[in-house]
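For reference, the structure is listed below as structure tokens.
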Amino acid sequence: MKAMILAAGLGTRLRPLTNTVPKPLLPVAGTPLIVWNLLLLKRHGFRDVVVNLHHLGPMIEQVVGNGSQYGLRILYSREPVILGTGGGIKQAEPHFSGEPVLVMNGDTLVELDLGALWSFHRDRQAAATLVLREDQDAAQWGLVEVGTENQIVRIVGKGRTSTESTNPRMFAGIHILSPRLLRDSPKGTAFSIIDPYVAAIARGDRVLGYDLHGYWSDIGTPERYTQAEKDAAAGLISLDARKLKPLPAI
């Protein structure tokens with residue numbers, strides 16, 4: 001399975017830092033955010049990674065290169081016009097060879113067993129699996145409602161009109177999807193990946209939630225960026241602490 005890191009965003013909430021440095025290159029504990037995620041992917045057996053680029057994209061490409069310094073093979077999907085989370089994945093679709101792809105945000109720090117996530121997705125034959133978190137502010141992030149057997153019932157109020165009891169979660173920005181979910185999505189058009197997920201839920205596809213219990217931080221504001229630096233200094237997340245866990249066979 002291949003992976004994709006979304007790295008095209010403008011980082012508007014972190015200006016002026018992101019006026020001259022793309023958010024995925026902001027350092028935490030001296031290491032760019034995107035490199036944290038590249039090393040996490042490598043340690044869990046991934047080798048092929050697609051990175052989409054827009055805002056200050058050449059800077060990311062210059063730092064990361066072809067991935068050989070990390071033991072990876074990196075390809076770039078360049079977006080002259082920013083395409084959003086869904087449109088960016090759709091544009092990169094030819095790189096996936098019709099196979100499931102794991103997608104991560106280039107501005108998120110996370111501690112997650114990607115092998116266990118893949119096994120969960122594969123064993124349940126899911127069309128998509130979204131990594132979710134319990135959070136008291138889930139509704140502010142965008143409420144995800146999870147029913148029985150990890151089935152996602154609604155995302156931000158859209159999906160199945162079911163009266164079953166659900167558990168509130170927030171989307172952590174990490175997901176595995178089958179490219180077939182993007183079959184009807186227009187190429188070259190900006191859209192959110194949530195749109196095809198909602199459509200899949202409404203027609204009864206297996207769109208599942210996978211609970212994350214480890215460290216997670218979305219580096220979206222100056223306050224959260226400062227907190228992530230403190231967390232790394234306190235050892236709450238560490239590059240050295242991540243153990244190599246090969247990806248299970250498909």
How close do I201 and R160 get, heavy atom to heavy atom, and via which atoms? O-CG, 3.4 Å
Check: A29 main-chain N/O paired with E229 side-chain donor or acceptor under 3.5 Å: yes
Heavy-atom distance under 4.5 Å between the side chains of I74 and I5, does that happen here? no
Could you pull out the closest heavy-atom pair between R206 and Q151, with the gap in Å? CA-NE2, 3.8 Å
From NE2 (H55) to CD1 (I60), nearest 0.5 Å: 8.5 Å
Determine whether W118 and H44 make a side-chain contact, defined as any pair of heavy atoms from C-beta on separated by less than 4.5 Å. no
Search all heavy atoms of I82 against all heavy atoms of A190 and return the closest pair with its distance. O-CB, 3.9 Å
Does this structure show an ion pair linking R180 with D205, if we count only N-O contacts that are shorter than 4.0 Å? yes
Report yes or no: do V153 and V144 belong to one cluster of Ile/Leu/Val/Met/Phe/Trp/Tyr joined by side chain heavy-atom distances under 4.5 Å? no
Spatial distance of atom NZ (K90) from atom CG (L83) [nearest 0.5 Å]: 12.0 Å
According to a hydrophobic-cluster definition based on side-chain heavy atoms being under 4.5 Å apart (Ile, Leu, Val, Met, Phe, Trp, Tyr only), do L130 and L143 belong together? no
Could you walk me through whether R133 and R169 satisfy the side chain to side chain contact (heavy atoms under 4.5 Å, CB included) test, starting with their C-alpha distance in whole Å, then the side-chain angles of each, then the deciding distance to 0.1 Å, before giving a yes or no? CA-CA 5 Å; R133 298 178 64 248; R169 295 289 188 270; 5.9 Å; no
Note, T129 side chain near R124 side chain (heavy atom, < 4.5 Å): no
Do you know the tightest heavy-atom contact between V21 and M59? CA-CE, 4.3 Å
Validation row: F120, N150 side chains within 4.5 angstrom (heavy atoms): yes
For residues L117 and I174, determine if any side-chain heavy atom of one lies less than 4.5 Å from a side-chain heavy atom of the other. yes
Nearest heavy-atom pair of E61 and L53: which atoms, and what distance? OE1-CD1, 3.9 Å
Taking the side chain as every heavy atom from C-beta outward, state whether I34 and V63 have any atom pair closer than 4.5 Å. no
Quick check on D123: does its CG atom have over 12 non-hydrogen neighbours (other residues, nucleotides or ligands) under 6.0 Å away? yes
State whether the number of non-hydrogen atoms from other residues, nucleotides or ligands found under 6.0 Å of R203 atom CZ is greater than 12. yes
Determine yes or no for a side-chain-to-main-chain donor-acceptor pair under 3.5 angstrom, with N105 supplying the side chain and D107 the backbone. no
In Å, rounded to the nearest 0.5 Å, how long is the span from CG of D231 to CG of L109? 8.5 Å
Please check if V51 and L114 belong to a single hydrophobic cluster, counting links between Ile, Leu, Val, Met, Phe, Trp and Tyr side chain heavy atoms closer than 4.5 Å. yes
Point-to-point distance, once rounded to the nearest 0.5 Å, from CD of E134 to CG of L212: 10.5 Å
Check: Y225 side chain, P27 main-chain N or O, donor-acceptor pair, under 3.5 Å: yes
What do the steps show when you test F171 against I194 for side chain to side chain contact (heavy atoms under 4.5 Å, CB included), and what is the final call? CA-CA 10 Å; F171 179 34; I194 298 303; 4.2 Å; yes
Check this for me, if you would: do E93 and K187 make a salt bridge, where the nitrogen-to-carboxylate-oxygen distance has to be below 4.0 angstrom? no
Walk me through it: do F96 and M4 pass the test side chain to side chain contact (heavy atoms under 4.5 Å, CB included)? CA-CA 9 Å; F96 308 147; M4 181 173 184; 3.8 Å; yes
As an exercise, state the distance from CG of D48 to CE of M1, rounded to the nearest 0.5 Å. 11.5 Å
With no hydrogens and no angle check, is any side-chain donor or acceptor of Q91 less than 3.5 Å from a backbone partner on G188? no
Is it the case that the side chain of K42 and the backbone of L72 share a donor-acceptor pair, with hydrogens and angles ignored and the cut-off at 3.5 Å? no
Which heavy atom of Y76 sits nearest to which heavy atom of H95, and what is that distance? O-NE2, 4.3 Å
Tell me, do T85 and V103 make a side-chain contact under 4.5 Å, heavy atoms counted? no
More than 12 heavy atoms of other groups within 6.0 Å of Q125 CD: no
Using only atom types and a distance under 3.5 Å, with no angle test, would you say the side chain of N52 pairs donor to acceptor with the backbone of A7? yes
Is L41 linked to L25 within one hydrophobic cluster, defined over Ile, Leu, Val, Met, Phe, Trp and Tyr using a side-chain heavy-atom separation of less than 4.5 Å? yes
Side chain to side chain contact (heavy atoms under 4.5 Å, CB included) between Y70 and V49, worked out: CA-CA 11 Å; Y70 312 111; V49 183; over 6 Å; no
Any donor-acceptor pair under 3.5 Å linking the side chain of N37 with the backbone of T108? yes
Do W216 and M170 make a side-chain contact, defined as non-hydrogen atoms from C-beta onward lying under 4.5 Å apart? yes
With the 4.5 Å side-chain cut-off for hydrophobic clustering, are M104 and I89 part of the same group? no
Positive for side chain to side chain contact (heavy atoms under 4.5 Å, CB included) with D211, one of L132, V146, N167: L132
Could you check whether any side-chain N or O of R154 sits under 3.5 Å from a backbone N or O of E145, counting only pairs where one atom can act as donor and the other as acceptor? no
